[in-house]
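Note sheet for the following structure.
A, B, ... follow the sequence lines: proteins, then strands. Residue 1 opens every chain.
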There are 2 protein chains.
Amino acid sequence: MTRTSLTKFKCSVAQTLEIIGDKWTMLIIRDAFVGVTTFSGFQRNLGVARNVLADRLAHLVAHDILDRTPTRPGIERHTYSLTEKGRALFPVMIAMMQWGDTWIYGAGHEPVCVVDKDSGMPVRPVTVLSEKGHPLSPDTTAYAPGQGY
Amino acid sequence: MTRTSLTKFKCSVAQTLEIIGDKWTMLIIRDAFVGVTTFSGFQRNLGVARNVLADRLAHLVAHDILDRTPTRPGIERHTYSLTEKGRALFPVMIAMMQWGDTWIYGAGHEPVCVVDKDSGMPVRPVTVLSEKGHPLSPDTTAYAPGQGY
DNA sequence: TTGATTTGGTTTTTTAATGCAACTATTTTT
DNA sequence: AAAAATAGTTGCATTAAAAAACCAAATCAA
């Protein structure tokens with residue numbers, strides 16, 4: 001009667017959710033993107049129970065999304081930072097943020113704005129594009145068996 | 001001691017997770033994108049407990065992500081379908097799927113391929129783009145206060 | 001350099017959520 | 001008309017989350 005695993009699904013969405021499909025897990029990743037690196041930093045920011053935080057951090061490290069390294073060699077204090085695999089969640093996080101901007105806060109009420117460092121301009125809305133670069137919607141896309149089907 | 005609410009955070013990621021940040025919720029949405037419309041359809045596909053499914057469907061309807069309409073007028077059988085707000089989660093779902101394709105299954109082993117109906121070609125990887133259309137990464141972006149700060 | 005505080009957790013207890021099975025009332029099929 | 005499927009609800013056992021207390025190592029403050 002343990003919580004059902006999603007690994008049985010032959011589906012990348014399910015596999016992804018098995019790893020990051022938890023409120024705290026994704027918020028930890030968000031904080032990591034913003035620059036939080038310490039246990040107490042995450043704890044202060046999120047207000048999550050410490051046992052839950054410890055569990056989620058270990059989970060993220062086990063799945064190679066966060067790196068855990070001693071702050072200085074041979075010392076019992078650690079720094080958490082995103083791996084390449086973790087940084088690859090950037091479009092997922094930004095897409096979620098933009099959805100909340102639009103559908104929860106509404107245009108003009110976004111709490112945070114993601115900008116291009118170079119120009120200082122806000123980033124574009126994340127969209128699904130065709131090979132030629134045209135925006136696609138659920139209506140103009142279909143699902144075919146992949147190579148690993 | 002109810003499960004902590006994320007609504008206190010002034011953050012679109014947290015607000016989004018408060019609504020869809022649950023394994024089953026996001027899988028229901030995925031199924032809805034693929035065309036599942038009935039209670040038993042979701043149940044068969046996901047193998048989720050019926051009480052949990054009932055709870056999550058009600059939650060999604062309450063948040064205007066799914067519509068629940070009688071299959072025929074005056075009848076006790078319902079059809080669930082994505083609202084505009086629900087369909088707006090398309091980039092989030094595709095970004096998750098692509099992350100799993102790359103980092104869990106690996107290139108060449110994707111179980112499902114999303115294609116442009118017109119051309120039959122796979123869609124592009126979802127990326128964060130600058131105003132001028134250049135791909136951006138966590139390193140080349142920054143977070144500024146938004147208009148609703 | 002001693003004492004206080006912070007860090008990075010672990011342990012324990014309580015409470016809420018999940019999973020499972022059985023049950024019901026319509027609706028559809030045979 | 002009977003059987004099967006649909007769309008749930010109810011009740012119970014188990015598990016995971018929340019809260020708080022606890023602890024050792026590291027750092028800061030006097």
Side-chain angles (χ1 to χ4, degrees), chain A residues 1-9 14 17-29 31-32 35-63 65-81, chain B residues 1-9 14 17-28 31-32 35-63 66-81:
Chain A
M1 219 170 288
T2 144
R3 203 142 119 183
T4 339
S5 161
L6 304 180
T7 51
K8 62 183 169 185
F9 293 107
L17 288 170
E18 179 70 21
I19 298 178
I20 63 157
D22 170 274
K23 291 199 302 197
W24 296 125
T25 304
M26 198 59 208
L27 283 180
I28 290 168
I29 292 170
D31 272 17
V36 178
T37 58
T38 62
F39 187 93
S40 54
F42 291 115
Q43 213 276 317
R44 247 194 318 276
N45 253 330
L46 302 177
V48 58
R50 309 171 73 79
N51 54 346
V52 174
L53 177 58
D55 180 86
R56 294 304 184 279
L57 285 173
H59 182 251
L60 286 169
V61 170
H63 283 281
I65 288 172
L66 290 181
D67 251 345
R68 182 199 202 236
T69 53
T71 304
R72 281 177 290 113
I75 224 173
E76 274 308 310
R77 196 149 297 186
H78 304 100
T79 295
Y80 296 92
S81 59
Chain B
M1 217 169 287
T2 151
R3 205 141 118 186
T4 339
S5 162
L6 305 180
T7 50
K8 61 183 168 185
F9 293 108
L17 288 170
E18 178 70 22
I19 298 179
I20 63 156
D22 171 276
K23 289 198 306 196
W24 294 127
T25 304
M26 198 60 207
L27 283 179
I28 290 167
D31 272 16
V36 179
T37 57
T38 62
F39 187 94
S40 54
F42 291 114
Q43 215 276 319
R44 247 194 318 276
N45 253 330
L46 301 179
V48 57
R50 310 173 73 77
N51 54 345
V52 174
L53 177 57
D55 181 84
R56 296 302 185 278
L57 286 173
H59 182 250
L60 286 168
V61 171
H63 282 281
L66 290 180
D67 252 345
R68 183 200 201 233
T69 53
T71 304
R72 281 178 289 113
I75 223 172
E76 273 309 308
R77 197 149 298 188
H78 305 99
T79 294
Y80 296 91
S81 58

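Between the CD atom of B:E76 and the C1' atom of D:dT6 there is a distance of 11 Å, given to the nearest Å. One can place CG of A:D22 at 14 Å from C1' of D:dA18, the figure rounded to the nearest angstrom. Counting to the nearest Å, the P atom of D:dA25 and the CZ atom of A:R72 are 16 Å from each other. Distance, A:I28 CD1 to D:dA17 P: 12 Å, rounded to whole Å. Between the NZ atom of B:K23 and the P atom of C:dA17 there is a distance of 16 Å, given to the nearest Å. Counting to the nearest Å, the P atom of D:dT9 and the CG atom of B:D55 are 10 Å from each other.
Not a single donor-acceptor contact under 3.5 angstrom links the side-chain atoms of A:R50 to the base of D:dA19.
Of the two residues near DNA chain D, A:V48 and B:R68, the one whose nearest nucleotide lies more 5' is B:R68. Both B:G47 and A:H78 sit near DNA chain C, but only A:H78 has its closest nucleotide nearer the 5' end. Both A:T38 and B:A49 sit near DNA chain C, but only A:T38 has its closest nucleotide nearer the 5' end. Each of A:G74 and A:V52 lies near DNA chain D, and the nucleotide nearest A:V52 is the one positioned closer to the 5' end.
With sequence neighbours excluded, the residues forming a side-chain contact (heavy atoms from CB on, under 4.5 Å) with B:T38 are B:S40, listed by chain and number.
Side-chain nitrogen and oxygen atoms of B:R44 include none within less than 4.0 Å of the OP1 or OP2 phosphate oxygen of D:dA7. Put simply, B:Y80 has no side-chain N or O that comes within less than 4.0 Å of OP1 or OP2 on D:dT6. Dashed line: the shortest gap from a side-chain N or O of B:R56 to OP1 or OP2 of C:dA17 is not under 4.0 Å. At C:dT6, none of the side-chain N or O atoms of A:S40 fall inside 4.0 Å of OP1 or OP2 (strictly under the cut-off). Listed pair A:W24 / D:dA18 meets the phosphate criterion, a side-chain N or O lying under 4.0 Å from OP1 or OP2.
Here B:E18 contributes atom CD and B:T7 contributes atom OG1; the two are 5.5 Å apart, rounded to the nearest 0.5 Å.
A:D22 has its side chain out of reach of B:K23: every pair of non-hydrogen atoms, C-beta onward, lies at least 4.5 Å apart. Contact annotation: the side chain of A:W24 approaches that of A:V52 to within less than 4.5 Å [non-hydrogen atoms, C-beta and beyond].
Each end of the helix from C:dT1-D:dA30 to C:dT30-D:dA1 gets its own rotation axis from five pairs of C1' atoms, and the angle between them is 30° to the nearest 10 degrees.
Exactly one of A:R68, A:H78, A:R50 qualifies for a side chain to side chain contact (heavy atoms under 4.5 Å, CB included) with A:F39. That residue is A:R50.
A:L53 comes within 4.0 angstrom of no nucleic acid atom, judged by non-hydrogen atoms across all strands.
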